[in-house]
Amino acid sequence: GQDTSKERGWLNSTQIATTAAGKFYIQIIAGQDGTCDATCDGGNKKTIKANSDWIDANTICSTIATSISKTISIDCTNLQNVISSLIYNVQAGDGSNTYYILGESHDSKSILATQNSCFPAKKGDSTCNYDASEYAAWALNQIDKSVYALNYLRGNIKASTIDYSLLYSITQNMVYSDWLKQQQKPTGSFQDDVKGTAFAILALKQSTADFNYYNNATLWLQKKRSPDYSWNSDIFNTALVLIAFQGNIPQKAIVAGCKTDSDCPLGKSCNATTGTCAVKLVTCATNADCKEGEVCDTVTKTCKEAAKLG
């Protein structure tokens, strides 16, 4: 594809440090008690204890909470069976705590990097913007699988199909896909919204395990298509649906749980990989292999109605 390194560089340059109230901790577990050396960005060494309480990373990197990124080096060469972890804690408004393991190493020497950024609405702004952050993070992740602004996004996520779809696309964490699938209505839509359903399709199509949800959502969107082949005569919605479909609008509903031909209606066979039932094609060599009223198409080696062969 086209070289987009300069464009990615510009987008990366717009990042700012978050002002979130989350805290970073270091945990060192080893086969025996002892001490390790820790440095922040190659600075002065600080002695920390293994098998002790979590260590406030701010005591190692004093500006960790206000920096886009910091690198903490851990040296536990005097210890064995070492596990070093970087943990991020977010406290919600109701006082509940959520902990994320941002990095983990099973070596006696390890490097743990923080990622504490967000994206503003415009370059030069000093305030994080959630929409800008999730779209920028999603775009960069789609290009090279890099992950940006994750702490900010997880700490400020809303109960929105779009937010959960994008976070699942970025992280592949089933916490987000499980929530997403619970929101799907019997009609196949998500929140009866074209935009939200299209984003859900983009997320769920990444896993064959989510194929039923993805397929039912595409069928709902197909029914919502206007006679002029747009969605709500809206350019943004139509463009987004085209990206979600990528030119392929499925025509057949699937039968959930299809594993063998016996799970499908008469005349259809099962594709066990996708769990879908499709019209069963009868192979043939001559007309004698086909039923009455059909002839053998010698090109495709399938039986077809005589009137349709030509």
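Keep in mind that what you see is a predicted model, and the values were worked out from it rather than measured.
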Neighbour count above 12 (heavy atom, 6.0 Å) for Ile143 CD1:
yes
Tell me whether the count of non-hydrogen atoms from other residues, nucleotides or ligands lying under 6.0 Å of NZ in Lys158 goes above 12.
yes
I want to check something: taking the side chain as every heavy atom from C-beta on, are Thr47 and Asp37 in contact at a cut-off of under 4.5 Å?
yes
Taking the six-membered ring for Trp, are Trp231 and Phe245 parallel (under 30°), tilted (30 to 60°) or perpendicular (over 60°)?
perpendicular
Checking the side chain of Asp41 only, and the main-chain atoms of Gly43 only, is there a donor and an acceptor separated by less than 3.5 Å?
no
How close do Thr18 and Cys128 get, heavy atom to heavy atom, and via which atoms?
CA-SG, 3.9 Å
Quick one: does Asn12's side chain have a donor or acceptor within less than 3.5 Å of a partner on Arg8's backbone?
yes
Taking Thr197 for the side chain and Phe190 for the main chain, is one N or O donor matched with an acceptor at less than 3.5 Å?
yes
State the CD1-SG distance between Ile26 and Cys36, to the nearest 0.5 angstrom.
11.0 Å
Does Asn51 reach the main-chain N or O of Ile29 with its side chain, forming a donor-acceptor pair under 3.5 Å?
no
With side chains defined as the heavy atoms from C-beta onward, is the minimum distance between Ser233 and Asp228 less than 4.5 Å?
yes
Quick one: are Cys76 and Ile28 in side-chain contact, heavy atoms under 4.5 Å?
yes
Taking atom CG of Leu166 and atom OH of Tyr135, what is their separation to the nearest 0.5 Å?
6.0 Å
Working to the nearest 0.5 angstrom, can you tell me the gap between Leu221 CG and Asp193 CG?
9.5 Å
Under 3.5 Å donor-acceptor, Gln27 side chain and Leu86 backbone
no
Parallel, tilted or perpendicular: which one describes the rings of Tyr148 and Phe119, with boundaries at 30° and 60°?
perpendicular
Looking at Thr161 and Gly196, what are the two nearest heavy atoms and their distance?
CG2-O, 3.2 Å
NZ (Lys70) and OG (Ser62) are apart, to the nearest 0.5 Å, by 7.0 Å
Grab the two heavy atoms, one from Ala159 and one from Gln191, that are nearest each other, plus how far apart they are.
O-NE2, 4.1 Å
Can you see which heavy atom on Ala17 is nearest to which on Ile68, and at what distance?
N-CG1, 3.6 Å
Validation row: Thr114, Tyr88 side chains within 4.5 angstrom (heavy atoms)
no
Any non-hydrogen side-chain atom of Ser165 less than 4.5 Å from a side-chain atom of Leu180?
yes
pair Ser13-Lys123: side-chain heavy atoms closer than 4.5 Å:
yes
Answer with yes or no whether the side chains of Thr59 and Asp56 bring together a donor and an acceptor at under 3.5 Å.
no
Taking Asn156 for its side chain and Tyr152 for its backbone only, find out whether a donor-acceptor pair lies under 3.5 Å.
yes
CD1 of Ile162 to CG of Asp131, rounded to nearest 0.5 Å, is 8.0 Å
Decide if atom CD of Gln172 counts as having more than 12 heavy atoms of other residues, nucleotides or ligands within a radius under 6.0 Å.
yes
First locate atom CG of Asn89, then atom CG of Asn151, and finally report the distance between them rounded to the nearest 0.5 Å.
11.0 Å
In terms of side-chain geometry, is the basic nitrogen of Asp210 or Lys181 positioned less than 4.0 Å from the acidic oxygen of its partner?
yes
Measure the shortest side-chain to side-chain distance between Asn97 and Val90 over non-hydrogen atoms and say whether it is less than 4.5 angstrom.
no
Would you say the side chain of Ile72 lies within less than 4.5 Å of the side chain of Cys61, judging by non-hydrogen atoms?
yes
N/O donor-acceptor pair under 3.5 Å between Thr218 side chain and Asn215 backbone
yes
Would you call the rings of Trp54 and Tyr99 parallel, tilted or perpendicular, taking 30° and 60° as the class edges?
perpendicular
Not counting sequence neighbours, which residues clear side-chain hydrogen bond (donor to acceptor under 3.5 Å, both in side chains) with Asp75? List them please.
Thr77
Give a yes or no on whether the backbone of Asp107 and the side-chain of Ser105 come within a donor-acceptor separation of less than 3.5 Å.
yes
Taking the side chain from Asp125 and the backbone from Thr127, do they hold a donor-acceptor pair closer than 3.5 Å?
no
For Ser73 and Thr39: C-alpha separation, side-chain torsions, deciding distance, then whether side chain to side chain contact (heavy atoms under 4.5 Å, CB included) applies.
CA-CA 5 Å; Ser73 300; Thr39 61; 3.4 Å; yes
Exceeds 12 heavy-atom contacts within 6.0 angstrom, atom CG of Asp144:
yes
Testing the basics here: between Lys49 and Ile55, what is the closest heavy-atom pair and its distance to 0.1 Å?
O-CD1, 3.8 Å
Of all the heavy-atom pairs spanning Glu134 and Ile170, show the shortest one and how long it is.
O-CD1, 4.4 Å
Would you please test Leu79 and Ser108 for side chain to side chain contact (heavy atoms under 4.5 Å, CB included) and show each step?
CA-CA 7 Å; Leu79 303 177; Ser108 58; over 6 Å; no
